[in-house]
Asker: 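After the structure tokens below, expect a handful of questions from me.
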Amino acid sequence: MSVRKAAFRKTAMILFRLLQLTFLVMVLGDIFVPGYPLAWAWAFAPLLLAYALGLAVSRTAPPPETADRPPVEVEPPVRGRWAAVNSPATKTPSHGTRAYGQTYAIDIVAEPAEGSRPAFAMLWPVVRRGRAFPAYEEPLFAVADATVVHAADWMRDHLSRNSLPAVAYLVLIESWIRDTGGASWIVGNHVVLDLGDGVYAMYAHLRRGSLTVRQGDRVRAGQRLGLCGNSGNSTEPHVHFQLMDGPDLDSAHGIPFSWREIGVPANGETITAEVPTSERSTSQGSA
């Protein structure tokens, strides 16, 4: 991606957040400041501008060198049985937006057996602790030999949002606040790997304090990076994985991927990720 186009997307996302913050300040000023000079309706001007910018970024097509790129084959980032949700095999953009490099992103939830994952609740329980979900604290692995370009794991893991009241709170309040805070508040604890050839892998929603790597580390395919958690804009413990054409979430475009010997599962499909042969050979040789 050209420097100019990356700078445009970055600037647009910064303005998007500033305009949302301006809306909030104007609303609070109208409520709490006596004699505030502007009517409350004026607060919607920056909000509308913010959403126009956000829509422009989310709908902007990637450059030809990214759009025409075939899927990059990498190892799966997990082991065991998982089910896909928000998959690019079902629709693209998989998460309804091209922002944050998410065009071909996928979410997967651990399901070691049918019915092992708590079902969505209409009213009760409103929330659950992370340990109620089989994905919580599952290890995540490097999908290729790579260099760590960003790693952060200081955010807390919150309770689930897998009930109707909790999802309403997430959509109407929490997501807006996180979006205003920036990309890191959306993805939560995360790690970005430079795979080479202009390809970067991003893992989101990791458990606080679980990363075993830091910026600048060189990792091998199959090396453990951290644990699945429930940080950031997340309804329940799950793995959000994506490939993108740059390390900055604000300016990156998504790149299609394929997991070796698996492909890309569609929504609702389950996969069983085994230990790659190369890892088995390495472990046997060191035993």
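From a predicted model like this one, the values you see are computed outputs, not experimental measurements.
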Asker: Do Ser94 and Asn86 have a side chain donor and acceptor closer than 3.5 Å?
Answerer: no

Asker: Distance-only, no hydrogens or angles: does the His205 side chain make a donor-acceptor pair with backbone N or O of Ser231 under 3.5 Å?
Answerer: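 Yes.
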
Asker: Do Arg208 and Asp153 pass the salt bridge (charged side-chain N to carboxylate O under 4.0 Å, His left out) test, and can you show the C-alpha distance, the side-chain angles, and the key distance before you say yes or no?
Answerer: CA-CA 5 Å; Arg208 180 165 63 177; Asp153 65 352; over 6 Å; no

Asker: Whether Glu137 and Arg131 form a salt bridge (side-chain N of Lys/Arg under 4.0 Å from carboxylate O of Asp/Glu) is what I want to check.
Answerer: yes

Asker: For the pair Lys10 and Asp248, find out whether any cationic side-chain nitrogen is under 4.0 Å from an anionic carboxylate oxygen.
Answerer: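 Yes.
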
Asker: Is it the case that more than 12 heavy atoms not belonging to Arg260 sit under 6.0 Å from its CZ atom?
Answerer: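 Yes - once you tally the heavy atoms of other residues, nucleotides and ligands closer than 6.0 Å, there are more than 12.
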
Asker: Locate the shortest heavy-atom distance separating Met202 from Val187; write the atom from each residue and the value.
Answerer: CE-CG1, 3.7 Å

Asker: If you count the non-hydrogen atoms of other residues, nucleotides and ligands that lie under 6.0 Å from CH2 in Trp42, is the total more than 12?
Answerer: no

Asker: Just verifying a value: how many Å separate Glu111 CD and Thr272 OG1, rounded to the nearest 0.5 Å?
Answerer: 11.0 Å

Asker: Quick one: which of Arg161, Arg117, Arg128 gives a side chain to side chain donor-acceptor pair (under 3.5 Å) with Glu236?
Answerer: Arg117

Asker: What heavy-atom pair brings Ala152 and Leu211 nearest, and what distance separates the two atoms?
Answerer: N-CD1, 3.5 Å

Asker: Classify the ring geometry between Phe241 and Trp259 as parallel (under 30°), tilted (30 to 60°) or perpendicular (over 60°).
Answerer: tilted

Asker: State which residue, out of Leu195, Val149, Leu249, Thr147, fulfils the side-chain contact (heavy atoms from CB on, under 4.5 Å) condition with Tyr200.
Answerer: Val149

Asker: Give a yes or no answer on whether the side chain of Asp194 reaches the backbone of Ala146 with a donor-acceptor pair at less than 3.5 Å.
Answerer: no

